[in-house]
Amino acid sequence: MPSNDVRTLLQTAVPTAAAGVVAAAVSAGVAGGKGAVGAVVATLVVILFMGIGLVVLQRTARSLPHLFQAMGLMLYTAQLLLLFIFVAVFKDTSLFNPKAFAITLVATTLAWIGAQARAHMKAKILYVEPESSDAREPKKTGSSA
């Protein structure tokens with residue numbers, strides 16, 4: 001994974017984890033230990049789902065740039081559907097507090113999206129391929145008479 005990709009991943013995962021820690025503390029205060037567990041699980045789910053999506057999207061951009069936009073839209077739609085399915089499956093669980101889980105899931109997803117937008121805005125990504133130094137020098141063709 002190129003260093004720019006790792007930098008983007010870190011710039012999105014770290015603020016999301018920080019938001020998850022805050023959510024776990026608030027959930028522990030409001031809903032007790034099960035609230036904290038729900039917040040931690042939600043944070044891990046968001047970092048896992050969104051992290052995998054970011055890696056897939058970056059690889060698609062590198063190998064199939066003409067599919068980048070369509071792949072991004074499909075990927076974000078799939079991630080949201082998977083998150084909704086995850087919430088639906090665990091809505092009646094006794095392992096953790098479902099409300100703390102759901103609220104943390106939304107909060108950390110928004111934190112990830114905001115951090116990803118910020119990381120993209122701060123990245124110095126070339127949108128035009130720079131010319132090489134050889135391309136600027138005129139090449140001589142034909143005879144030199």
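For the numbers below, each heavy atom of this structure counts, side chains included, while hydrogens, waters and symmetry mates do not.
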- Message: Quick one, Leu57 and Tyr76 - any side-chain contact, counting heavy atoms below 4.5 Å?
- Response: yes

- Message: A side-chain contact here means heavy atoms from C-beta on lying under 4.5 Å apart; do Met71 and Met74 qualify?
- Response: yes

[X] side chain to [Y] backbone, donor-acceptor under 3.5 Å:
X      : Y      : answer
Lys34  : Ser94  : yes
Thr104 : Phe101 : no
Gln79  : Phe49  : yes

Which atom of [X] lies closest to which atom of [Y], heavy atoms considered:
X     : Y      : answer
Ala24 : Ala39  : CA-CB, 3.5 Å
Ala19 : Ala111 : CB-CB, 3.9 Å
Thr8  : Ala119 : CG2-CB, 4.4 Å
Leu73 : Thr77  : O-OG1, 2.8 Å
Pro15 : Leu10  : CD-O, 4.0 Å

So, taking the atom named [atom1] in [X] and the one named [atom2] in [Y], what distance separates them when rounded to the nearest 0.5 Å?
X      : Y     : atom1 : atom2 : value
Thr12  : Ile47 : OG1   : CD1   : 8.5 Å
Arg59  : Phe68 : CZ    : CZ    : 14.5 Å
Leu105 : Thr43 : CG    : OG1   : 8.5 Å

- Per the side-chain contact (heavy atoms from CB on, under 4.5 Å) rule, which among Val45, Val46, Ile52 passes with Leu48?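 It is Ile52, the one option of Val45, Val46, Ile52 that forms the side-chain contact (heavy atoms from CB on, under 4.5 Å) with Leu48.
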
Linking I/L/V/M/F/W/Y whenever any side-chain heavy atoms sit under 4.5 Å apart, do [X] and [Y] land together?
X      : Y      : answer
Met50  : Leu54  : yes
Ile103 : Val106 : no
Val21  : Trp112 : no

- Would you please test Gln58 and Leu9 for side-chain contact (heavy atoms from CB on, under 4.5 Å) and show each step? CA-CA 10 Å; Gln58 287 172 338; Leu9 189 59; 5.9 Å; no

- Task: Any chance you could pull the hydrophobic cluster mates of Val40, using side-chain heavy atoms under 4.5 angstrom and chaining through other members?
- Result: Leu44

Let me have the donor-acceptor pairs involving side chains of residues 81-89, under 3.5 Å, with sequence neighbours excluded, atom names and distances please.
none

